[in-house]
Amino acid sequence: MKKLIIARYGEIHLKGGNREFFLNRLLKNLRQRLGKGIKVEHFNTRIEISNYDGYDEQEILQKVRDTFGVFSTNIVDVIESTKDAIFECIAKIKVNESFKVNVNRADKKFEIKSPEFAAMCGGIILDNNKDAVVDVQNPSVTINVDIRIGGRAYVYVDDTNDNSKGAGGLPVGVSGRALVLLSGGIDSPVAACLAAKRGLTVDFIHFATPPYTNDLALKKIEKLKGILEGHVGKTHLFVVPFTEISREIQKKCDDEYMITIMRRFMVRIAERVGLQLSKSDCIITGENLAQVASQTIQGIASNNFCATQLPILRPLITFDKSEIITMAKRIGTYNTSIEPHMDCCTVFVPNRPSIKPDISKVEEQEKRLDIERLVEESVKGITC
Ligand code: ATP
Ligand code: MG
């Protein structure tokens, strides 16, 4: 008998002919996250993680759970799938509360049907534990026997708090690449995580306006990147100098259109970086409908026209702020996001931004600017 961690995958089951591609990616991501020496192998619709002696088992388990594509996990005893071996394993389990036994007989060649075998295992628990009582409706613990095809069975105990749940979604890397506009606020880190959850490999672009924004603002972005990498794997950060553009807009355009025009520049630059440097398939923002004055449908739409070759995806578009905050807390970015920092949009924010920018007026204003030169120079000044 030996202990190992098993991981189950969810949606990958639905992928038909592409299943191998999705599965291989998940195995690769797990191996990368867990590091050298730890074994990650596919066995009969389960992933087995073993050979982690000397590591903290709970830490390994948490890393497995946090990997997108993993639906659920358990620490199990793995044994031969014979009646005697399973009974021997069940006899060692200590139970002093209500319980039930759950048998999953994936291997239909196993000679005893599931309900009957569950009752037999339950009998062994009752014989060996004087305080154990059967409760099939509402047990304190469930003893699971998973009889796999290929001669092995997993035995594990679940308590009532459902801590076996994995991150869900799809393995990072199966859906292409995304360039995420990362601002340092609460929203964009959550948007990045949701994008990765659907299988996108994530890179970041941040617009900095020194000396108005300082090193601390950049440190904060790097810190967020680090936290996010715990969920999405390795990423790349492009830092774009945005001071000259902001000043030009402030000098030459009407106040009410400043935010709209700044956002449009961000999108133009992101598209260029996405096409030329990060080889991205899409741009992601943390925009959310009607959250702030610049995020009316007209404001959001005015950004769309600036990206002509890459789609802009907005994973948070319909979420309530409270839902976004809950997600930010869960992924661990919230406390960093709420640290005070200056963003270009806070520095250059006008008194009365246009709530419903008229696109023809915006374009009229932009004629006062040398768009191509400003974009080109910003891209040239990028630091990675
Ligand atoms: P966040 O919490 O992500 O900052 P927000 O609610 O503050 O979002 P805005 O400030 O209006 O909203 O920004 C909308 C989106 O524009 C952000 O989610 C982000 O994707 C992008 N963005 C804004 N400022 C920057 C910046 N300085 N660098 C990169 N992206 C930015
Ligand atoms: Mg912001």
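Below, each value reflects all heavy atoms present in this structure, side chains not excepted, and no hydrogens, waters or symmetry copies. Each ligand, and each atom within it, is numbered from 1 in the order the structure gives. Along the sequence shown, the residues carry numbers beginning at 1.
- Within the 4.0 Å heavy-atom shell around ligand 1 one does not find Leu316.
- Neither the backbone nor the side chain of Ile284 has a heavy atom within less than 4.0 Å of ligand 1.
- For the pair Lys225 and Phe204, the cation does not sit on the ring face, since its NZ or CZ is not both under 6.0 Å from the ring centre and inside 45° of the axis.
- Between the choices Ser183, Gly185, Pro189, the shortest heavy-atom distance to atom 31 (C) of ligand 1 belongs to Ser183.
- Geometrically, ligand 1 and Gly184 share no nitrogen or oxygen pair separated by less than 3.5 Å.
- Less than 4.0 angstrom separates some heavy atom of Ile186 from each of these atoms of ligand 1: 2 (O).
- Of all atoms in ligand 1, numbered sequentially from 1 with element shown, those under 4.0 Å from a heavy atom of Thr285 are 20 (O).
- The closest non-hydrogen atom to atom 10 (O) of ligand 1, taken over Arg263, Gln295, Glu287, comes from Arg263.
- Taking the six-membered ring for Trp and the full ring otherwise, His42 and Tyr9 have centroids separated by under 6.0 Å.
- In this structure, a donor-acceptor pair under 3.5 Å is absent between the side chains of Asn288 and Arg314.
- Between Asp203 and Arg177 a salt bridge is recorded (basic side-chain N to carboxylate O distance below 4.0 Å).
- Backbone and side-chain nitrogen or oxygen atoms of Phe207 are examined, and one is located within less than 3.5 angstrom of a nitrogen or oxygen of ligand 1.
- With no hydrogens or angles considered, a side-chain donor-acceptor pair links Glu287 and Thr285 at under 3.5 Å.
- Under the 4.5 Å side-chain heavy-atom criterion for Ile, Leu, Val, Met, Phe, Trp and Tyr, Ile331 and Phe71 are members of distinct hydrophobic clusters.
- At least one cation-pi condition fails for Arg46 and Phe43: the charged atom is not both under 6.0 angstrom from the six-membered ring centre and inside a 45 degree cone around its axis.
- Under 4.0 Å from ligand 1, not a single heavy atom of Val180 appears.
- Close approach of ligand 1 to Ile205 (heavy-atom distance below 4.0 Å) involves ligand atoms 29 (C).
- Ion pairing between a basic and an acidic side chain is recognised when a charged N comes within 4.0 Å of a carboxylate O; Glu20 and Arg25 show no such pairing.
- Listed by number with element, the atoms of ligand 1 under 4.0 angstrom from any heavy atom of Asp187 are 1 (P), 2 (O), 3 (O), 5 (P), 6 (O), 8 (O).
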